[in-house]
Structures are given as C-alpha cells and as structure tokens.
Protein chains: 2
Amino acid sequence: MKDHFKKTAAIIGEPVRATILWTLLDGKSFTATELAIAAETSASNISMHLAKLVNAGLLKAENHGRHRYYSFSGKEIAYAVEALATIIPFASKKNLQADKTISPVQQCRTCYDHLAGKTSVTITDALLKQKLIIANDTDFGLTPKGKKWFAVMDIDTNELQQQRRSFLRPCLDWSERRYHIAGSLAAAFLDKMLLHDWIRRIKNSRVIVVTAKGQKNLYEKLKVVV
Amino acid sequence: MKDHFKKTAAIIGEPVRATILWTLLDGKSFTATELAIAAETSASNISMHLAKLVNAGLLKAENHGRHRYYSFSGKEIAYAVEALATIIPFASKKNLQADKTISPVQQCRTCYDHLAGKTSVTITDALLKQKLIIANDTDFGLTPKGKKWFAVMDIDTNELQQQRRSFLRPCLDWSERRYHIAGSLAAAFLDKMLLHDWIRRIKNSRVIVVTAKGQKNLYEKLKVVV
DNA sequence: GAAACATTTCAATATTAAATGAAGTGTGGT
DNA sequence: ACCACACTTCATTTAATATTGAAATGTTTC
C-alpha cells in the first residue's frame, strides 16, 4: 500500500503533470494541444505525460474526431488535487503575506463544478445572512425561504436533493481559507449564473469574471457587492 | 498560484518524502532515524529530505534533547495526504482486484487521530445500527442514546462539542471506500480504546490490532464482531 | 571529560526521468 | 486523393536531483 502511495505521489509530483491536473481542476475537458500551451511545453512531451496520467488511472481520454479530450477519471481525483491546493497557503505563507494584491484566480474561479474564490465566499456569506441557507455544526442546510429563492432562479431543489450526489456541502476555499458552498445546488447555481450571463468564463483558464448584469442581480437578489 | 501548486506537488512527489508523509499519517511524531528506517535510506539522506519538508512548511520539528521529532505542521497537511491516499484504489484497481487478501493496514489502522480501515467502518455501521449516531445528508449526528453510551465510556461529549474543532464528521476510508467516523469524538473514542487495552498500536506502524478484551467489549456494547 | 549517539553539512558521484526532434498514425476538410 | 492537422512513438540528448560517505556539530551518559 505504501508503494502505491509512493507511485501516486510521484505521478502527481512532476511539474508538467501537476500543471495538467491544476488546469483540469475546473472540470472541463482539454485537448493535448491546449494542455501543452498551459504547461508551456512541446506536444510530444505533453503526450508522454498524459499517457502516464491515463495509465495511472488519474485521467480518462475521450476521442472526438482528431481531437482527444482529457479529463479527471473521477471526482475523487479532483478532490485530492483540491486538497493539495488547500495546503499551499501553509507552504508559502510568507509570500502570501508579502503580496497583498489579489490575483484574478483568487478573486473568482471555478472549483471543479462550482464557484470558488473571494466572490464565492462573499456569496456564501450573503446566502447565510439572508437566511437562505443555514450553517449547522458541520454542514449547510437549505431553508424554506432559500428553497423559494432558488426556485425563482429556476432551480428545482427537490429534484437535486433526490440525486445520489451531495446536495449542499461546505468546501474549504484554499485562497480565502474559509468555506464556500459546493454540491449539486452550488453546481446548478453556477450553471444558471453562466446561462444568464451573470458571470463569464475566461478562455483557457479557471478564472471567472462577474458581468455588470451579474453585479446588478447579485446586489438586487442578495444585497451583496462583488 | 499555479507555481506554488507545482512546487508543493514536487515536494510531495519524491518517493522518500512521500514515505515520510505516509508514515506520519497516524499523527505521531517520529525521529529522523526512525523515518530513515521506514524509508529505507541513510540518515544523511533523510535529514536532507526532512529539511526540505520543514522548509516547505509541511512538517514541523521539535527538539527533545538529542532527538528531533518531526510531525505535520497542521491537520490540513494530514488531510491532503489522506486525500491523496484516497485515490490509490483508482490508480491501481487492477492490482486490488487480483489481490483479495486484506493487509493489516487495510484491516485496522489509525488515520491521523482516529481509527480507520475495515474495523472502523464496521464500528461506524454498528453505531448507526444501534442508533447511537445518525447519518444526515452530509454528516453524522449524535443521538441522546449515543450521548449516554459515550458517557459510559467516560467520554464527556458536552466538553468535546464546545471545542472549536469538528465534533463528529464522516471521513472517507481509502481502503474500504466507505465512511467511518472522524472528529474529536472519534479521536476521544480511539484514546479510550487504547487506554482500556481494547486495541494496541503496532510499533513503528499505523497498524492497530484488536485485543481479545476489545473483541469481547465491542461485542457486548455494540453487538459487533471485529 | 571522554565516549556514544543523533543529526546535519558538504562535496563528489550516480541515477533517473524529462525534453527534444524526427518520423509515424490516423482523422477531417476540400 | 490530397494536404493539413492532432496526436503519438521512439531514440537520443540533456539536465536535474537524489544518494553516498566522510567530517562536523551538538547532546546525553558514564
């Protein structure tokens, strides 16, 4: 078992492969060429590293014509990568203190399938303050008022709760070191915000920007300035 | 931020350092010499790797005379390492299927500060079946009946609940791929079982064995055969 | 105060694995 | 049928980094 751990750690530890995993963290699929650009290396090199990751069972590849799309083979992989990202502030707290400026990726990004970063923590705080969700000892609960609120957003919470996956759970934000919402409700909320153009994805990045429309709506509906 | 992730991954990825982290996972402190034996390398080499881990903020060192004890610098590090261990079954599922025999470390071990492995899942199931704890959507809750049960074990649940740390939470078991109990209650339970000699630590290992006394008591008190 | 032990430091060496570039395979467009 | 493109494979080069062993530092024991 120890040996498996050593092997897995070695797979993740190589800089180019670490960059691949980092890039895949927002849950999208990427082609080898896109990943080569992200990791700043050659096509042949990225191909070799991708082969190792697939062989180790961390990634899966899907063929679509002459493109091959790579993504995590399961949520567990994404969670492990996210857990690894969580310890960064510990590993480099000196640097973080020195540099007070906040980067776009710290401000707002996707975390596998939900929103993360300073904006996501702000939104979570607003949901709590408006009593749309409540914080229990170790998890979040949806209030009747919250159920209505998400219904207005055209999100069917009953349907989401019947799914096997976690409905609403706290997820530790590595950049803010505070909790934001995750689970199927958070994922559905992200989708709706993208659909209504409240937020937009930045191409080839995990960064998300809030549009003017989004700022207006989030203020009207949650009394929050993002 | 990506660069920090790359660095952190590289720190963890080296085999000797991965072994150090793995060994430290049960929350105990180890000396450089003990870790050298566990990682099967020289004293000078382990010293170099330990220096890198401390420098990266993953480990802390405490001097006690001529011994220097190394341990995780925080719980977050242990959780990240545990999350990494969670993906092992994915990375090597073929091997796991082939080998049906269960190793001692899969049977019963410590996971940072609480019990893990097949035994821990069995105990968690029994606690649920006896309605001493209940499974909510995303967490576990302690019932009044459970409160009494732990009081008989000389565990003051009120006091534990007042602590800032998580009281009772599910923790995914990487070997069983099911949940066992974690949090301050699980940690206190582990301590009591060790104190009353229901279970014993195996030297220089995360493995735990259940004593005859422990088997008797777990059957009497939880109607469970471990 | 000398000896035994735990750990660290340093310079030299060994080893491993990543990067490169050219050639090969397969798919899609025109 | 052709060419362009996405990706892979392979043999070779390159570079990084772990390991080793000897010497130094510091601490406890007798």
Side-chain angles (χ1 to χ4, degrees), chain A residues 2-24 28-71 73 91 203-204, chain B residues 2-3 5-24 28-56 58-71 73 91 203-204:
Chain A
K2 189 168 82 173
D3 290 339
H4 287 303
F5 181 77
K6 269 158 70 174
K7 266 184 219 163
T8 308
I11 289 286
I12 291 176
E14 201 283 328
V16 169
R17 289 195 291 266
T19 305
I20 293 171
L21 295 172
W22 177 258
T23 307
L24 290 174
K28 284 197 301 187
S29 297
F30 285 85
T31 64
T33 307
E34 287 172 326
L35 291 168
I37 292 163
E40 297 175 295
T41 187
S42 68
S44 59
N45 195 31
I46 208 83
S47 178
M48 181 216 78
H49 286 301
L50 285 169
K52 286 192 181 180
L53 285 163
V54 169
N55 193 258
L58 298 186
L59 300 187
K60 64 178 198 292
E62 249 178 305
N63 287 12
H64 286 284
R66 61 176 156 181
H67 296 277
R68 179 168 289 178
Y69 289 94
Y70 290 91
S71 58
S73 62
K203 204 173 162 230
N204 287 335
Chain B
K2 189 167 81 173
D3 289 339
F5 181 77
K6 272 157 69 174
K7 265 183 222 163
T8 307
I11 289 286
I12 290 174
E14 201 282 328
V16 169
R17 288 194 292 266
T19 306
I20 292 171
L21 295 172
W22 175 260
T23 307
L24 289 175
K28 283 198 302 188
S29 297
F30 285 84
T31 64
T33 307
E34 287 171 326
L35 291 168
I37 293 163
E40 296 173 295
T41 186
S42 67
S44 59
N45 195 30
I46 209 82
S47 176
M48 182 217 77
H49 286 300
L50 285 168
K52 284 192 182 177
L53 285 163
V54 170
N55 194 257
L58 298 186
L59 300 188
K60 63 177 199 290
E62 248 178 303
N63 287 12
H64 285 285
R66 61 177 158 184
H67 296 277
R68 179 168 288 179
Y69 288 94
Y70 290 91
S71 58
S73 62
K203 204 173 162 230
N204 286 335

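Both backbone and side-chain heavy atoms feed into the values below; hydrogens, waters and symmetry mates do not. Computed from a predicted structure; not experimentally measured. Quick note on labels: first sequence line is chain A, next is B, and so on, each numbered from 1.
Distance, B/Lys52 NZ to D/dT17 P: 7 Å, rounded to whole Å. Atom-to-atom, CG of A/Asn55 to P of D/dT9 comes out at 11 Å; the value is rounded to the nearest Å. Counting to the nearest Å, the P atom of D/dT8 and the NE2 atom of A/His49 are 13 Å from each other. Taking atom CD on A/Glu34 and atom P on D/dA6, their separation rounds to 10 Å, with Å as the unit. With rounding to whole Å, A/Asn63 atom CG is found 11 Å from D/dA6 atom C1'.
Considering only residues two or more places apart in sequence or on other chains, A/Ser44 meets the side chain to side chain contact (heavy atoms under 4.5 Å, CB included) condition with A/Ser42. Contacts of A/Ala61 classified as side chain to side chain contact (heavy atoms under 4.5 Å, CB included), with partners at least two apart in sequence or in another chain: A/Arg68, A/Tyr70.
Extent of DNA chain C lying under 4.0 Å from chain B heavy atoms, first and last nucleotide in 5' to 3' order, is C/dA4 to C/dT9.
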Give me, pair by pair, the N or O atoms of the protein and of nucleotides 22-30 of chain D that are less than 3.5 Å apart, along with how far apart they are.
none

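To the nearest 0.5 Å, the span separating CG on B/Asn55 from NZ on B/Lys52 amounts to 9.5 Å. Here the straight-line distance linking atom CD1 of A/Ile46 with atom CZ of A/Phe30 works out to 12.0 Å at 0.5 Å rounding. Taking CD1 from B/Ile37 and OG1 from B/Thr31, the interatomic distance works out to 7.5 Å, rounded to the nearest 0.5 Å. In this structure, the separation between CH2 on B/Trp22 and OG1 on A/Thr8 is 9.5 Å, given to the nearest 0.5 Å. Of the inter-residue distances, the one linking B/His67 atom NE2 with B/Ser29 atom OG reads 13.0 Å to the nearest 0.5 angstrom. Here the OG atom belonging to A/Ser71 is positioned 3.0 Å from the NZ atom belonging to A/Lys60, to the nearest 0.5 angstrom.
Of the two residues contacting DNA chain D, namely B/Val16 and A/Tyr70, the nearest-nucleotide position lying further toward the 5' end is that of A/Tyr70. In terms of position along DNA chain D, the nucleotide closest to A/Ala43 lies nearer the 5' end than the nucleotide closest to the other residue of the pair B/Met48 and A/Ala43. Take the nearest nucleotide of DNA chain C for B/Tyr69 and for A/Ala10: the residue whose nucleotide is more 5' is B/Tyr69.
Between its two ends, the helix from C/dG1-D/dC30 to C/dG28-D/dC3 turns its axis by 30°, counting five pairs per end and rounding to 10 degrees.
OP1 and OP2 of D/dA18 both lie 4.0 Å or more from every side-chain N or O belonging to B/Ser42.
Between A/Tyr69 and A/His64, the two ring planes are perpendicular [angle over 60°; tilted spans 30° to 60°].
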What's the verdict on side-chain contact (heavy atoms from CB on, under 4.5 Å) for B/Leu35 and B/Thr41, showing C-alpha distance, side-chain angles and the deciding distance?
CA-CA 9 Å; B/Leu35 291 168; B/Thr41 186; over 6 Å; no
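Legend: side-chain hydrogen bond (donor to acceptor under 3.5 Å, both in side chains) pairs involving residues 9-19 of chain B, not counting sequence neighbours, sorted by first then second residue: B/Arg17-B/His49.
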